[in-house]
2 protein chains.
Amino acid sequence: MSKGLKRLKKILHNEGLRFTSQREAVWNEIISSDDHREADEIYMAIRQKGISVSRATVYRTIDVLLKNNFVRKLDLGVGPSKFEHRIDSHHHDHIICIQCGRIDEFLVDQIEDLQDKVAKEYGFKLVRHIHQLFGLCENCQ
Amino acid sequence: MSKGLKRLKKILHNEGLRFTSQREAVWNEIISSDDHREADEIYMAIRQKGISVSRATVYRTIDVLLKNNFVRKLDLGVGPSKFEHRIDSHHHDHIICIQCGRIDEFLVDQIEDLQDKVAKEYGFKLVRHIHQLFGLCENCQ
DNA sequence: TCCTTATTGAGATTGAGTCTCAAAGAAGTT
DNA sequence: AACTTCTTTGAGACTCAATCTCAATAAGGA
């Protein structure tokens with residue numbers, strides 16, 4: 001059993017939640033890819049492997065993973081949300097091609113610092129942020 | 001008739017679209033406030049004034065205004081989208097209180113520049129961006 | 001005024017996501 | 001292992017924002 005899975009199991013236990021085969025399957029599916037996938041793709045991939053799970057359970061499990069920072073939700077403003085795991089990955093934001101849907105990740109420390117500065121200026125205690133650049137990638141221009 | 005309304009009328013004409021009382025009403029309602037409002041609030045406000053309009057027409061008119069940059073859409077990832085007019089307003093991004101829903105506007109030229117740099121680095125031709133800071137405002141901390 | 005064609009409105013539809021509730025099953029206890 | 005408690009699951013109903021349908025209406029050019 002992987003280190004991450006152990007951690008998930010411990011967290012579930014601490015919160016009085018149960019470690020089920022469905023939750024394990026969703027976990028396994030999500031960490032198996034670095035892509036940004038929608039809930040339904042994850043659901044289908046699990047079914048494809050012959051594991052029985054419902055859409056509702058996939059959504060519910062993703063919620064648990066979200067709350068515990070195992071997963072990050074990407075809302076692109078059109079179509080269903082996408083999800084990416086956060087195992088061994090540092091913070092980053094996204095640059096998205098509006099033509100082909102390609103998603104790249106970027107991180108600029110200077111921008112992060114400036115965000116903190118803005119929050120401070122407005123008296124906000126920052127919790128999270130969304131920073132998405134939309135445009136045409138090289139191939140689509 | 002305001003300068004903006006004249007411009008709208010001209011654009012409609014150029015695109016073979018018609019200047020209707022409903023479109024005028026939606027326009028008037030949207031420019032009458034600097035708030036960030038959802039489509040249904042705009043719809044209700046127009047009805048309140050005794051002007052007959054349907055939800056579908058409000059959405060459709062907002063689409064026309066969006067395409068012509070009279071209006072900007074704010075997708076906060078939860079609940080319906082919000083809209084703000086762009087008359088006499090320069091570009092800005094938003095800092096949002098996750099408790100009370102307060103929305104402030106900010107602009108940091110340096111961040112804008114860094115975004116352009118990121119796009120260039122990834123070979124993207126930038127079209128638009130979303131930059132939203134979520135946190136707790138002074139009152140809600 | 002007439003004519004062509006875009007627009008409107010009421011209500012149906014879509015689609016992502018959530019909820020319901022009876023049945024199943026996890027995990028602690030004896 | 002059997003029992004008990006309480007969470008989880010799944011199928012499908014439901015929600016809600018937003019879009020679509022299509023017959024009736026109206027804009028605006030001729």
Side-chain angles (χ1 to χ4, degrees), chain A residues 1 5-6 8-30 36-44 46-47 50-68 71-83 101, chain B residues 1 5-6 8-30 36-44 46-47 50-68 71-83 101:
Chain A
M1 188 177 289
L5 192 53
K6 265 186 201 147
L8 173 60
K9 207 169 171 180
K10 185 184 280 179
I11 286 175
L12 289 174
H13 185 263
N14 288 345
E15 296 187 5
L17 304 176
R18 288 171 189 174
F19 182 70
T20 65
S21 59
Q22 286 84 353
R23 284 183 177 153
E24 184 175 6
V26 173
W27 166 270
N28 284 335
E29 188 54 44
I30 286 180
H36 307 81
R37 292 187 294 172
E38 41 201 75
D40 213 59
E41 290 177 310
I42 294 165
Y43 164 73
M44 295 298 270
I46 296 172
R47 303 281 296 221
I51 300 172
S52 171
V53 73
S54 70
R55 237 173 277 265
T57 294
V58 170
Y59 276 106
R60 284 186 287 224
T61 301
I62 288 175
D63 279 345
V64 172
L65 298 179
L66 275 172
K67 281 200 193 85
N68 290 288
V71 160
R72 179 151 164 238
K73 185 177 185 172
L74 277 198
D75 186 342
L76 301 182
V78 62
S81 297
K82 289 170 182 287
F83 302 92
Chain B
M1 189 178 289
L5 191 53
K6 264 188 202 145
L8 173 61
K9 206 169 171 180
K10 185 184 280 178
I11 285 174
L12 290 173
H13 186 262
N14 287 345
E15 297 187 5
L17 304 176
R18 288 171 187 173
F19 182 71
T20 65
S21 59
Q22 287 85 351
R23 284 182 176 153
E24 183 175 6
V26 172
W27 165 270
N28 284 334
E29 187 53 44
I30 286 181
H36 307 82
R37 292 187 295 172
E38 41 201 76
D40 212 59
E41 290 177 310
I42 294 165
Y43 164 73
M44 296 298 270
I46 296 171
R47 303 281 297 221
I51 300 172
S52 170
V53 73
S54 70
R55 237 174 278 264
T57 294
V58 171
Y59 276 106
R60 286 186 287 225
T61 302
I62 288 176
D63 279 346
V64 172
L65 298 179
L66 276 172
K67 281 200 192 85
N68 290 288
V71 160
R72 180 142 81 119
K73 184 177 187 173
L74 276 198
D75 186 341
L76 300 182
V78 61
S81 296
K82 290 171 181 286
F83 302 91

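Labels below follow one simple rule: chain letters A, B, ... track the order of the sequence lines, proteins then strands, and each chain is numbered from 1. As a basis for the values below, the full set of heavy atoms in this structure was taken, side chains included, without hydrogen atoms, waters or symmetry mates. All values reported here derive from a predicted model rather than from experimental measurement.
- Between A39(B) and F19(B), the residue whose closest nucleotide on DNA chain D is further toward the 5' end is A39(B).
- Between the P atom of dT7(D) and the NE2 atom of H13(A) lies a distance of 13 Å, rounded to the nearest Å.
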Next item on the list: Go through the steps for I62(B) and F83(B) under the test side chain to side chain contact (heavy atoms under 4.5 Å, CB included), then give the verdict.
Entry: CA-CA 9 Å; I62(B) 288 176; F83(B) 302 91; 3.4 Å; yes
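- With the end axes of the helix from dT1(C)-dA30(D) to dT30(C)-dA1(D) each set by five pairs, the angle from one to the other reads 30° at 10° resolution.
- Close to dT8(C), at under 4.0 Å from its OP1 or OP2, lies a side-chain N or O of T20(B).
- Between the CD atom of Q22(B) and the C1' atom of dT8(C) there is a distance of 6 Å, given to the nearest Å.
- Between the side chains of Y43(B) and R47(B), a donor-acceptor pair is found at a separation under 3.5 Å.
- For the pair L17(B) CG and dA26(D) P, the interatomic distance rounds to 19 Å; values are reported in whole Å.
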* Asked: What's the verdict on side chain to side chain contact (heavy atoms under 4.5 Å, CB included) for R23(A) and L17(A), showing C-alpha distance, side-chain angles and the deciding distance?
  -> CA-CA 11 Å; R23(A) 284 183 177 153; L17(A) 304 176; 4.0 Å; yes
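- Using a 4.5 Å heavy-atom cutoff, the side chains of V58(B) and R55(B) are not in contact.
- Of the candidates I42(B), I46(B), T20(B), V53(B) forms a side-chain contact (heavy atoms from CB on, under 4.5 Å) with just one, namely I46(B).
- In this entry the distance linking CG of L76(A) with C1' of dA16(C) reads 14 Å, nearest Å.
- Shown for residues 52-63 of chain B: residues whose heavy atoms fall under 4.0 angstrom of DNA chain D, namely A56(B), Y59(B), R60(B).
- H13(A) places none of its side-chain heavy atoms less than 4.5 Å from the side chain of K10(A).
- To the nearest angstrom, P of dG17(C) lies 9 Å from CG of D40(A).
- In terms of modelled atom types and a separation under 3.5 Å, the side chain of E29(B) and the main chain of V26(B) share no donor-acceptor contact.
- The CD-P distance, from E38(A) to dG15(C), rounds to 13 Å in whole Å.
- Under the side-chain contact (heavy atoms from CB on, under 4.5 Å) test applied with E24(A), the options T61(A), L5(A), I51(A), L8(A) reduce to a single match, L5(A).
- For S81(B), counting side-chain heavy atoms from C-beta on, the closest listed nucleotide (dA18(D), dA6(C), dA27(C)) is dA18(D).
- Closest to the R23(B) side chain, of the nucleotides dA27(C), dG28(C), dT7(C), is dT7(C).
- Between the P atom of dT8(D) and the CG atom of L8(A) lies a distance of 12 Å, rounded to the nearest Å.
- dA27(C) atom C1' lies 18 Å from atom NZ of K10(A), rounded to whole Å.
- Here the shortest heavy-atom pairing between I30(B) and R37(B) reads CA-NH2, 4.0 Å.
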